[in-house]
Number of protein chains: 2
Amino acid sequence: MFSKACEYGIRACIYIATQSLSDKRVSLKEIAKEIDSPEPFTAKILQELVKNKIVDSVKGPSGGFMISPSNISTIMLRDIVFSIDGDSIYKGCGLGMKECSEICPCPIHNQFKIIKNGIKEMLDTTNLHQLTYGLQNGMTFLKIEKNEFRD
Amino acid sequence: MFSKACEYGIRACIYIATQSLSDKRVSLKEIAKEIDSPEPFTAKILQELVKNKIVDSVKGPSGGFMISPSNISTIMLRDIVFSIDGDSIYKGCGLGMKECSEICPCPIHNQFKIIKNGIKEMLDTTNLHQLTYGLQNGMTFLKIEKNEFRD
DNA sequence: TATTTAAAGGATAAAAAAGTCTTTTATTAT
DNA sequence: ATAATAAAAGACTTTTTTATCCTTTAAATA
Ligand code: FES
Ligand code: FES
C-alpha cells in the first residue's frame, strides 16, 4: 500500500505530534526508538517532511523535531502520504497502465475506483490529531509492545 | 497496491481468458504484445501462474497458454493476486507493523480495516469472466490503445 | 568564543524488485 | 526419427528501494 518510507513517515509524525502536544521537541534517536525504525533512514524521511513544512526541526542542543500544535488538526494524512509517495495510490491505474482514465479504463477500473475513492476519502478526512488521540490513551500503538511476561 | 509482477499477471490472465473462450492457445509473445509487458519477465510470472494451476501451458508448436473456459468464472481475482503477491495487501498492517491485530492496533487500524475489507471483498467477488467481458466488448483495455489519428 | 549537541547533506552499501539472457525440455509436424 | 517450435528453468543484470555512514552546518550553553 504505502512504501516503507511512507509508513515510517506517518508513524514518525504521529509520535512527534503526541510529544509536541506536551510542548516537547524529540530527537531522531528517540523517534526511531519509539516507532521501531532504522535511524538513518528515518532521518532522510524526516528531512523530506521538514522540507514539505509538515515537521519543524531545530539543530543543536535541546533541538529536535516538532509539529506545531496548531497544525496538528489541520495536517491531513493525505499531506504526509503525498510528501513521500505522491498521489499514485489514489490516482494511478490498479493494473499499472500509464494512466487511469474513463476514456481508456482497464478491466478492474470500476471496481478499483471504489477502493481508490475510499482511500482518498480516508486520507483526506483523517487528521493528525485523530491519530495521536488513541496513542495517548494507550488504545493504539506505533510498535509491537513487549510486556513483562513475554518478549 | 499490487507489484508490477502482479499487475502483469492479472492482465495476462484476462487476455488469455478472452482467447481461451474462443478455444485459442496464446503464445508468450502474443500475450506480452497484447498487454504491453516485457516478454521475459512475463514468462516468469506465467510460470508461477502455471505452477499454481491458474493457467495451463503446453510446449511446442501450436502450444502456448490457456485457461480452461470452465474455470474462467471460478477463478477469482484473489486467486491470481494471492499467487503472486500473497495476502499482505488485505492482511498486513497499513503502517508496516509486523502484524495487524485488534490487540495491538496501529493508529490507522480502524480506518484501514474498512479499506482492506473493501479490497478483500473486491478480490473475493470478482471473477475472471467478469473481467474478460468488458474487454471483449471494447469497453475496457489492457494497454493504452493507439488509434490512427494520434500516436 | 569554544564546545557540545543534533539535524542536514551527500556519498555509499545492501536488499529487493524488475527485467534479461541462455540453455534445457517437451511437443508437434514433417 | 528429425527438425522446428514454444515453454521451463536457472543464471544473470539492472533499477529501485531501503538502509547506512561520514562530513558539514546550525544552534545552544558553558
Ligand atoms: S484504468 Fe486501471 S484503474 Fe482506472
Ligand atoms: S495494526 Fe495497522 S492496520 Fe491493523
Side-chain angles (χ1 to χ4, degrees), chain A residues 1-13 15-16 19-20 24-33 35-67 81 83-86 88-89 92 95-96, chain B residues 1-13 15-16 19-20 24-33 35-67 81 83-86 88-89 92 95-96:
Chain A
M1 184 80 60
F2 302 130
S3 68
K4 230 83 196 57
C6 192
E7 291 173 353
Y8 295 145
I10 296 168
R11 275 151 66 185
C13 284
Y15 179 70
I16 296 168
Q19 300 306 298
S20 295
K24 281 185 216 140
R25 273 190 189 275
V26 284
S27 68
L28 168 64
K29 195 167 212 155
E30 181 179 343
I31 295 166
K33 191 190 153 217
I35 71 172
D36 194 20
S37 69
E39 209 177 297
F41 190 40
T42 308
K44 289 290 168 218
I45 300 156
L46 286 169
Q47 278 176 38
E48 199 58 34
L49 291 169
V50 168
K51 272 182 202 151
N52 284 278
K53 312 271 187 200
I54 289 168
V55 173
D56 170 74
S57 73
V58 168
K59 289 179 181 177
S62 77
F65 299 92
M66 81 171 293
I67 298 174
V81 171
S83 293
I84 304 168
D85 279 353
S88 60
I89 194 169
L95 290 189
Chain B
M1 185 78 61
F2 302 131
S3 68
K4 230 82 196 58
C6 192
E7 291 173 354
Y8 295 144
I10 297 168
R11 276 152 63 186
C13 284
Y15 179 70
I16 296 168
Q19 300 308 299
S20 294
K24 282 184 216 142
R25 274 192 188 272
V26 285
S27 69
L28 168 64
K29 196 167 211 156
E30 180 179 344
I31 296 167
K33 191 190 153 215
I35 70 172
D36 194 21
S37 69
E39 207 178 298
F41 190 39
T42 308
K44 289 287 167 217
I45 300 156
L46 285 169
Q47 277 176 39
E48 199 59 33
L49 291 169
V50 168
K51 272 182 200 151
N52 285 279
K53 312 270 186 199
I54 290 167
V55 173
D56 170 74
S57 71
V58 167
K59 290 179 182 177
S62 77
F65 299 92
M66 79 171 295
I67 298 175
V81 170
S83 292
I84 304 168
D85 280 353
S88 61
I89 194 168
L95 291 189

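Keep in mind the model is a prediction, meaning the values are calculated, not measured.
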message = I want to confirm an ordering. Mapping A/Phe2 and B/Ala43 to their closest nucleotides on DNA chain D, which one lands closer to the 5' end?
response =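 Taking each residue's closest nucleotide, the earlier one in sequence belongs to B/Ala43.
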
task = Would you mind telling me which residue lines up with the more 5' stretch of DNA chain D, B/Val26 or A/Ser3, judged by nearest nucleotide?
result =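 The residue mapped nearer the 5' terminus is B/Val26.
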
Nucleotide of [options] approaching [X] most closely (side-chain heavy atoms):
| X | options | answer |
| --- | --- | --- |
| B/Pro40 | C/dG19, D/dC21, C/dT20 | C/dT20 |
| A/Phe41 | D/dT18, C/dT28, D/dT29 | D/dT18 |
| A/Ser27 | D/dT18, C/dG19, C/dA7 | C/dA7 |

Taking all heavy atoms of [X] and all of [Y], pick out the closest pair and write down the distance.
| X | Y | value |
| --- | --- | --- |
| A/Val50 | A/Phe65 | CG2-CE2, 4.0 Å |
| B/Met66 | B/Ile16 | CA-CG2, 3.4 Å |
| A/Ser3 | A/Ile84 | OG-CG2, 4.3 Å |

query = Is any side-chain nitrogen or oxygen of B/Tyr8 closer than 4.0 Å to OP1 or OP2 of C/dG19?
reply = yes

Rounded interatomic separation in angstrom, taking [atom1] from [X] and [atom2] from [N]:
| X | N | atom1 | atom2 | answer |
| --- | --- | --- | --- | --- |
| A/Ile35 | D/dA19 | CD1 | P | 11 Å |
| A/Leu28 | C/dA8 | CG | P | 9 Å |
| B/Phe65 | D/dA8 | CZ | C1' | 9 Å |
| A/Lys24 | C/dA6 | NZ | P | 16 Å |
| B/Ile84 | C/dA17 | CD1 | P | 14 Å |
| B/Glu39 | D/dA6 | CD | C1' | 11 Å |
| B/Ile45 | C/dA17 | CD1 | C1' | 11 Å |
| A/Leu46 | C/dG9 | CG | P | 13 Å |

So, taking the atom named [atom1] in [X] and the one named [atom2] in [Y], what distance separates them when rounded to the nearest 0.5 Å?
| X | Y | atom1 | atom2 | answer |
| --- | --- | --- | --- | --- |
| B/Lys51 | B/Glu48 | NZ | CD | 5.0 Å |
| A/Arg25 | A/Asp56 | CZ | CG | 4.5 Å |
| B/Leu46 | B/Leu28 | CG | CG | 6.5 Å |
| A/Leu49 | A/Cys13 | CG | SG | 4.5 Å |

query = Short question: side chain of A/Asp85, backbone of A/Val81 - any donor-acceptor pair under 3.5 Å?
reply = no

key: Any side-chain heavy-atom pair of B/Gln19 and B/Tyr15 under 4.5 Å   = yes

ask   = Using a heavy-atom distance cut-off of less than 4.0 Å, which residues of residues 48-61 of chain B contact DNA chain C?
value = B/Lys59, B/Gly60, B/Pro61

query = Is the base of C/dA7 touched by the side chain of A/Gln47 through a donor-acceptor pair closer than 3.5 angstrom?
reply = no

query = What is the bend of the helix from C/dT1-D/dA30 to C/dT30-D/dA1 when you compare the axis at one end with the axis at the other, using five pairs each and rounding to 10°?
reply = 0°

query = Is B/Lys44 touching bases, backbone alone, or none of the nucleic acid, heavy atoms closer than 4.0 Å?
reply =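 Contact class for B/Lys44: base.
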
message = Please classify the nucleic acid contact of A/Pro38 as base, sugar-phosphate, or nothing, using heavy-atom distances under 4.0 Å.
response =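 Sugar-phosphate, backbone atoms only, no base.
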
message = Could you go through B/Lys33 and B/Glu30, starting from their C-alpha distance and side-chain angles, then the distance that decides it, and tell me whether this counts as salt bridge (charged side-chain N to carboxylate O under 4.0 Å, His left out)?
response = CA-CA 5 Å; B/Lys33 191 190 153 215; B/Glu30 180 179 344; over 6 Å; no

